[in-house]
There are 2 protein chains.
Amino acid sequence: MNIGDVAQRAGLPAKTIRYYEDIGLITPLRDDNGYRRFRESDLHKLAFLGRARALGFTIEDCRTLLALYEDNTRASADVKDLAQAHLTKIEDKIAQLQSMRDTLSELVHSCAGDNRPDCPILSDLATGEH
Amino acid sequence: MNIGDVAQRAGLPAKTIRYYEDIGLITPLRDDNGYRRFRESDLHKLAFLGRARALGFTIEDCRTLLALYEDNTRASADVKDLAQAHLTKIEDKIAQLQSMRDTLSELVHSCAGDNRPDCPILSDLATGEH
DNA sequence: ACTTGACCTTCCAGCGACTGGAAGCCCTAT
DNA sequence: ATAGGGCTTCCAGTCGCTGGAAGGTCAAGT
């Protein structure tokens with residue numbers, strides 16, 4: 001398979017796949033013409049990476065997850081710990097965004113949104129008080 | 001005021017304040033020795049920026065918000081539209097993170113987390129199926 | 001045989017919003 | 001005179017790509 005096929009099948013841009021090779025996540029073979037030649041195992045890894053990235057794992061997490069995946073002597077606890085740590089980070093991020101949303105939502109609702117200059121949003125930003 | 005004082009009072013790192021000058025958000029004066037000299041109005045702007053950034057507005061949004069703040073002929077609708085658009089982005093982001101969280105949470109709970117290698121988290125990443 | 005166009009290659013730069021660090025000047029206190 | 005702290009500029013790095021330039025390769029059509 002060439003990079004275009006793999007990109008299609010893995011659902012990742014070709015640029016991303018080249019980047020993943022650059023940083024050592026995959027090591028496809030090369031044809032005589034210099035084109036990358038991907039094995040099924042490469043495609044499999046890329047799909048794995050795509051799903052892990054879609055769950056928000058960092059590239060370094062993905063590297064670790066791939067290593068664990070390929071290590072038949074792994075302890076599932078190691079995977080779980082990694083995932084749990086990531087889950088906690090996501091939950092923190094959600095809480096932070098929800099706090100922003102609550103404040104913003106309040107401000108937006110309190111603003112008339114007309115032609116006049118008076119604006120509680122700007123007042124709040126200016127003074128930190130409502 | 002020197003940069004250290006302003007950093008303390010605005011609750012922003014000195015580095016960030018220099019960066020804000022670089023990109024033209026503020027233009028403090030200079031003393032003969034080359035040190036930045038901040039007026040009250042600079043401090044006020046920095047506090048404004050700090051609050052806007054804390055609500056997740058981008059730097060370019062902040063630039064626009066500052067301009068609106070200083071324009072006494074603004075229409076509050078312009079501010080509201082900007083804030084509403086930002087609010088929508090935050091809500092999208094929250095939804096995306098919640099989706100990740102739900103999937104991850106399920107996976108984490110289904111993993112024994114012991115010494116054995118069997119791991120539903122890795123199985124899911126490998127196959128995309130549960 | 002030649003050309004077109006799609007595909008592939010590498011390399012370099014840029015995104016956003018800082019952050020760290022190096023090298024060096026300035027000011028105050030001892 | 002020296003030590004320290006604060007200030008300056010400039011450059012590089014963060015994260016995970018993404019865009020674009022310049023050029024090689026291949027298969028199909030004329």
Side-chain angles (χ1 to χ4, degrees), chain A residues 1-39 42-43 45-46 48-66 85-86 89-90 93 96-97 100, chain B residues 1-38 42-43 45-46 48-66 82 85-86 89-90 93 96-97 100:
Chain A
M1 276 177 290
N2 282 347
I3 200 167
D5 300 318
V6 173
Q8 178 107 39
R9 293 217 230 167
L12 292 172
K15 280 255 174 190
T16 298
I17 295 172
R18 291 194 195 98
Y19 172 66
Y20 286 174
E21 182 184 10
D22 264 8
I23 62 174
L25 286 177
I26 52 166
T27 44
L29 304 173
R30 294 286 176 147
D31 280 340
D32 291 343
N33 59 14
Y35 284 22
R36 289 171 182 80
R37 184 157 54 83
F38 294 85
R39 291 152 290 190
D42 295 316
L43 175 57
K45 274 193 199 180
L46 286 168
F48 183 103
L49 290 168
R51 280 185 284 265
R53 291 288 300 130
L55 287 178
F57 285 103
T58 66
I59 289 286
E60 285 317 302
D61 281 349
C62 289
R63 197 189 298 279
T64 304
L65 285 169
L66 259 188
H86 178 48
K89 272 194 199 121
I90 287 180
K93 187 79 190 167
Q96 187 197 341
L97 286 172
M100 282 181 189
Chain B
M1 276 176 289
N2 282 347
I3 201 166
D5 300 319
V6 173
Q8 178 107 38
R9 294 218 230 167
L12 293 172
K15 280 256 175 190
T16 298
I17 295 172
R18 290 193 195 99
Y19 173 67
Y20 286 174
E21 182 185 8
D22 264 9
I23 63 175
L25 286 176
I26 52 166
T27 44
L29 306 173
R30 294 286 177 147
D31 280 340
D32 291 344
N33 59 14
Y35 285 22
R36 289 169 183 82
R37 185 157 53 84
F38 294 84
D42 296 316
L43 175 57
K45 274 194 199 179
L46 287 169
F48 183 104
L49 290 168
R51 280 185 283 265
R53 291 287 301 128
L55 286 178
F57 285 103
T58 65
I59 288 287
E60 286 317 302
D61 281 350
C62 290
R63 197 188 298 278
T64 304
L65 286 169
L66 258 187
L82 186 57
H86 178 47
K89 272 194 199 121
I90 286 179
K93 188 78 191 168
Q96 188 197 340
L97 286 173
M100 282 182 189

**Asked** Can you tell me if the side-chain N/O atoms of Arg36(B) get under 4.0 Å from OP1 or OP2 in dC7(D)?
**Response** no
**Asked** Reckon Arg18(A) has a side-chain N or O less than 4.0 Å from the OP1 or OP2 of dC7(C)?
**Response** no
**Message:** The criterion is side chain to side chain contact (heavy atoms under 4.5 Å, CB included); which residues satisfy it with Lys93(A), sequence neighbours excluded?
**Reply:** Gln96(A), Leu97(A), Leu97(B)
**Request:** Compare every heavy atom of Leu55(B) with every heavy atom of Ile90(B), then report the nearest pair and how far apart it is.
**Result:** CD1-O, 3.8 Å
**Message:** Looking at every non-hydrogen atom in both residues, tell me the closest pair between Leu46(A) and Ala10(A) and how far apart they are.
**Reply:** CB-CB, 4.0 Å
Nucleotides 17-21 of chain C: which of its N/O atoms have a protein N/O under 3.5 Å away?
unit_1	atom_1	unit_2	atom_2	d
dA17(C)	OP2	Ile59(B)	N	3.3
dA17(C)	O3'	Arg53(B)	NH2	3.4
dC18(C)	OP2	Tyr20(B)	OH	2.7
dC18(C)	OP2	Arg53(B)	NE	3.0
dT19(C)	OP2	Thr16(B)	OG1	3.4
dG20(C)	N7	Lys15(B)	NZ	2.9
dG20(C)	O6	Lys15(B)	NZ	2.9
dG21(C)	O6	Lys15(B)	NZ	2.3

**Message:** Determine whether a donor-acceptor pair (N or O, by modelled atom type, separation under 3.5 Å) exists between the side chain of His86(B) and the backbone of Asp61(B).
**Reply:** no
**Asked** Is the backbone of Asn33(A) close enough, under 3.5 Å, to the side chain of Asp31(A) for a donor and an acceptor to pair up by distance?
**Response** no
Distance check needed: [N] [atom2] versus [X] [atom1], whole Å only.
{"X": "Ile17(A)", "N": "dT10(C)", "atom1": "CD1", "atom2": "P", "result": "14 Å"}
{"X": "Ile3(A)", "N": "dT25(D)", "atom1": "CD1", "atom2": "C1'", "result": "15 Å"}
{"X": "Asp31(A)", "N": "dC7(C)", "atom1": "CG", "atom2": "P", "result": "17 Å"}
{"X": "Met1(B)", "N": "dC7(D)", "atom1": "CE", "atom2": "P", "result": "13 Å"}
{"X": "His86(A)", "N": "dC15(D)", "atom1": "NE2", "atom2": "P", "result": "15 Å"}
{"X": "Gln8(B)", "N": "dC7(D)", "atom1": "CD", "atom2": "P", "result": "11 Å"}
{"X": "Asn2(A)", "N": "dT25(D)", "atom1": "CG", "atom2": "P", "result": "14 Å"}

**Message:** Within the 4.0 Å heavy-atom criterion, would you say Arg30(A) contacts the bases, only the backbone, or no part of the nucleic acid?
**Reply:** sugar-phosphate
Do [X] and [Y] come close enough that some side-chain heavy atom pair is under 4.5 Å?
{"X": "Phe48(A)", "Y": "Leu65(A)", "value": "yes"}
{"X": "Arg30(B)", "Y": "Arg36(B)", "value": "yes"}
{"X": "Leu25(B)", "Y": "Ile59(B)", "value": "yes"}
{"X": "Phe38(A)", "Y": "Asp5(A)", "value": "no"}

**Sidechain N-carboxylate O distance under 4.0 Å for Arg39(A), Asp42(A)** = yes
**Message:** Please determine whether a side-chain nitrogen of the Lys or Arg among Glu60(B) and Arg63(B) lies less than 4.0 Å from a carboxylate oxygen of the Asp or Glu.
**Reply:** yes
**Complete:** Per the under-4.0 Å heavy-atom filter, residues of residues 21-29 of chain A near DNA chain C come out as none
**Item:** Euclidean distance, Ile3(B) CD1 relative to Arg37(B) CZ, rounded to 0.5 Å
**Value:** 14.5 Å
**Message:** Let me confirm one number: the CG-CG distance from Leu66(B) to Leu49(B), rounded to the nearest 0.5 Å.
**Reply:** 4.5 Å
**Request:** Output all residues satisfying salt bridge (charged side-chain N to carboxylate O under 4.0 Å, His left out) with Asp22(B), sequence neighbours left out; order by chain, then residue number.
**Result:** none
Could you list, one pair per line, each protein nitrogen or oxygen that sits under 3.5 Å from a nitrogen or oxygen of nucleotides 23-27 of chain C, together with the distance?
unit_1	atom_1	unit_2	atom_2	d
dC27(C)	OP1	Asn33(B)	ND2	3.1

**Prompt:** Given axes from five pairs at either end, by how many degrees does the helix from dA1(C)-dT30(D) to dT30(C)-dA1(D) bend, rounded to 10°?
**Reply:** 30°
